[in-house]
Amino acid sequence: MTTPLSRTAEIRAVARDDLQQAQAMLQALLCDLFDLPVEGLKINLDKYSLNSLNGFFSASGKDYFFKFHQEEGEEAMRGEYYRADILASAGLPVDQPVYMSTLPGEQVLVYARRSDPRFSDLLYELDGSQDKDAIQRAVEAEADLNRRLLATAKDSLHPITPAQSRAEPIHRLFHERLIDPASGTYPGGRFKHFYVGKRFAFPNEMGLDWQVLSSARPVINGLEYHRSLGELFDLAHRRYQPERLADAGGIIAHGDAHNANVWYERGVASDRLAFFDPAFAGRDVPSLLAEVKSTFHNVFAHPLWLYSADLTKERFSASVRHESGKLFIETDWALSPVREQMLTVKAEIFWKPWLAHLKAQGLLPEDWEDVIRIGLFLSPTLVMNLNAGQGADLHNPISSAIGFAVALSAGSRPVSGKDAFSSFFDSIMPD
Ligand SMILES: Nc1ncnc2c1ncn2[C@@H]1O[C@H](COP(=O)(O)OP(=O)(O)O)[C@@H](O)[C@H]1O
Ligand SMILES: [Mg+2]
């Protein structure tokens with residue numbers, strides 16, 4: 001006997017061939033679940049929204065956004081509801097659902113529809129802009145959010161057990177992408193799928209095998225680094241074991257606050273940021289991990305290279321060479337002025353006082369810089385396939401070379417000299 005498909009699973013299946021039909025079915029389902037006169041339901045075809053099937057509808061003159069997961073998962077949507085509540089109760093600005101269905105197989109969340117831009121879209125515009133006033137307002141909104149993040153982190157900091165750390169969903173963004181989900185074997189997951197044993201393609205028809213690439217000593221724009229790509233993944237696998245990350249305590253945090261999960265609300269005197277999509281939020285988020293993804297994705301992933309590989313190859317250049325066990329990468333890619341300002345805000349308002357506070361509480365591990373560096377390194381390498389060769393996804397030889405240059409310089413310090421990451425770490429070092 002086969003189990004019948006749940007109604008959302010059936011809608012997902014129909015949506016693949018007949019969008020109109022799926023929309024009609026979903027409209028009927030939402031009417032039924034929420035007892036609402038649902039009208040004009042549209043499913044979004046957003047290539048960036050890999051996790052949820054979502055879209056808009058209206059009812060009694062109000063506009064709504066709905067989402068449900070692409071995969072069948074009992075806990076998924078209730079999880080998001082509960083996690084939004086954790087953040088809101090701690091006083092952080094976050095969207096909370098107005099309707100929720102938790103029926104098995106029919107977990108749907110409904111939010112009031114927003115017309116604000118996402119902060120990622122606004123900053124994308126500002127990367128190339130000279131509009132000082134607009135940049136200033138964005139920087140102030142970021143500063144204000146970071147003051148609130150610091151206050152929440154301080155208020156909620158508490159010792160956590162290895163088991164409490166393990167139970168946090170944030171590990172799905174890091175450690176669980178390095179291992180096989182079923183057996184726990186390393187290498188596995190996205191790491192193995194994207195990189196291990198693959199052939200890589202760099203500019204000028206230059207190809208390298210994983211063995212060679214992963215063991216080479218990086219030399220980026222003339223600076224030699226301590227750790228190879230392979231050493232970084234191995235270190236990440238050991239140090240990012242969920243249990244080991246309990247050593248710096250836990251806090252209430254969103255955990256995945258990249259700016260495509262942040263609204264930009266324009267006000268009269270000033271503008272304001274608000275979170276949404278808190279699927280990885282928690283009460284016991286390891287305290288050094290909470291702001292790592294936002295630090296990487298809102299600063300070092302831009303301009304362009306991580307999400308707009310096609311434009312990257314038009315705007316920037318990069319070259320790669322392998323010689324006597326060294327991987328030389330040269331590129332003219334650099335942070336834009338607005339990203340530099342975002343980094344300064346994050347460093348001065350969040351990281352520096354936060355590390356000082358952890359130290360004063362006796363919760364700052366000796367290797368804190370490595371813990372943060374590993375998270376910065378894993379953010380781009382495990383979110384998207386940076387390989388432009390075998391099994392390539394969106395990246396091309398130039399954006400791939402830039403990507404590995406950025407990730408490798410996040411992962412360890414130059415043997416001598418300074419780069420953007422070492423200046424950042426020097427600026428947040430507790431006294
Ligand atoms: N309340 C809302 N109003 C309008 N659009 C929304 C709303 N919430 C999310 N979206 C849009 O849908 C996209 C995906 O939503 P998100 O909650 O981030 O789901 P996912 O889990 O797929 O990342 C967002 O990037 C945003 O553009
Ligand atoms: Mg999202």
Side-chain angles (χ1 to χ4, degrees), residues 8 11-12 15-16 19 22-23 26 30 34 36 38-59 61-88 92-101 107-125 169-170 172-174 176-177 190 253-266 272-282 293-294 296-298 301-302 306-308 379-380 382-384 394:
T8 53
I11 290 166
R12 276 194 294 268
R16 275 176 223 125
L19 200 61
Q23 289 178 164
L26 191 53
L30 297 186
F34 304 120
L36 281 175
V38 177
E39 288 176 333
L41 184 138
K42 285 239 166 343
I43 293 176
N44 285 338
L45 297 169
D46 174 359
K47 65 177 175 190
Y48 297 107
S49 196
L50 305 170
N51 304 319
S52 65
L53 200 151
N54 60 59
F56 303 122
F57 67 86
S58 36
K62 290 196 181 123
D63 294 328
Y64 297 98
F65 169 82
F66 69 86
K67 68 190 278 194
F68 58 97
H69 271 248
Q70 290 287 19
E71 314 270 325
E72 206 70 358
E74 287 288 311
E75 270 305 308
M77 284 297 151
R78 197 188 355 226
E80 180 167 322
Y81 177 80
Y82 154 79
R83 290 174 197 288
D85 192 54
I86 294 176
L87 299 184
L92 288 171
V94 64
D95 281 2
Q96 290 186 277
V98 288
Y99 300 104
M100 170 181 64
S101 151
Q107 296 198 3
V108 182
L109 289 181
V110 175
Y111 291 89
R113 182 173 178 172
R114 290 259 196 172
S115 57
D116 307 286
R118 296 177 302 185
F119 198 27
S120 53
D121 300 320
L122 182 96
L123 287 173
Y124 191 89
E125 300 291 314
I170 194 169
R172 298 214 302 268
L173 299 171
F174 298 103
E176 284 181 32
R177 292 176 172 175
R190 290 188 183 191
H254 184 291
D256 188 29
H258 60 78
N259 284 334
N261 283 337
V262 179
W263 299 117
Y264 191 73
E265 295 173 354
R266 292 178 206 277
R272 193 174 160 273
L273 302 178
F275 292 141
F276 65 102
D277 196 14
F280 302 95
K293 258 205 101 173
S294 62
F296 190 89
H297 284 270
N298 303 339
H302 301 275
L306 184 58
Y307 295 104
S308 311
S379 291
L382 298 180
V383 79
M384 226 179 250
L394 291 171

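Numbering starts at 1 and runs along the sequence shown. Values below: every heavy atom of this structure, side chains too, minus hydrogens, waters and symmetry copies. Both counts, for ligands and for their atoms, begin at 1 and track the order of listing. Quick caveat: nothing in here was measured; it's all calculated off a predicted structure.
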I would like to know whether H258 and S120 meet side-chain contact (heavy atoms from CB on, under 4.5 Å); could you show each step before the answer? CA-CA 8 Å; H258 60 78; S120 53; over 6 Å; no
Take Q96 and D85 through the test side-chain contact (heavy atoms from CB on, under 4.5 Å) and record every step on the way to the result. CA-CA 7 Å; Q96 290 186 277; D85 192 54; 3.5 Å; yes
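- Taking the six-membered ring for Trp and thresholds of 30 and 60 degrees, F34 and Y99 have ring planes inclined between 30 and 60 degrees apart.
- With values rounded to the nearest 0.5 angstrom, S379 atom OG is found 12.5 Å from M384 atom CE.
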Would N44 and F65 satisfy side-chain contact (heavy atoms from CB on, under 4.5 Å), going step by step from the backbone distance to the final call? CA-CA 10 Å; N44 285 338; F65 169 82; 4.2 Å; yes
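- Taking only non-hydrogen atoms, the option from F65, F68, Y111 nearest to atom 9 (C) of ligand 1 is F65.
- At a 3.5 angstrom cut-off on N or O pairs, D277 counts as close to ligand 1.
- The minimum distance between the Mg ion (ligand 2) and any N, O or S atom of D277 involves atom OD2.
- In this structure, W263 counts as a contact residue of ligand 1, since one of its heavy atoms falls inside 4.0 Å of the ligand.
- Polar contact check, A112 against ligand 1: a nitrogen or oxygen pair lies under 3.5 Å apart.
- Residue contacts with ligand 1, taken as heavy atom pairs separated by less than 4.0 Å, do not involve N44 at all.
- Here D116 contributes atom CG and R272 contributes atom CZ; the two are 10.0 Å apart, rounded to the nearest 0.5 Å.
- Contact between F174 and K293 at its shortest, heavy atoms only, is CZ-CG, 3.7 Å.
- Using bins of under 30°, 30° to 60° and over 60° for the plane-to-plane angle, the ring pair W263/F276 lands in the parallel bin.
- Taking every heavy atom of R113 and a limit of under 4.0 angstrom, the matching atoms of ligand 1 come to 3 (N), 4 (C).
- Every atom of ligand 1 is numbered from 1 in the order shown, and the set under 4.0 Å from a heavy atom of K67 is 16 (P), 17 (O), 19 (O), 21 (O).
- Below 4.0 Å from some heavy atom of N54 lie the following atoms of ligand 1, by number and element: 14 (C).
- Those atoms of ligand 1 with a heavy atom of N261 less than 4.0 angstrom away are 18 (O).
- At least one heavy atom of F56 lies less than 4.0 angstrom from ligand 1.
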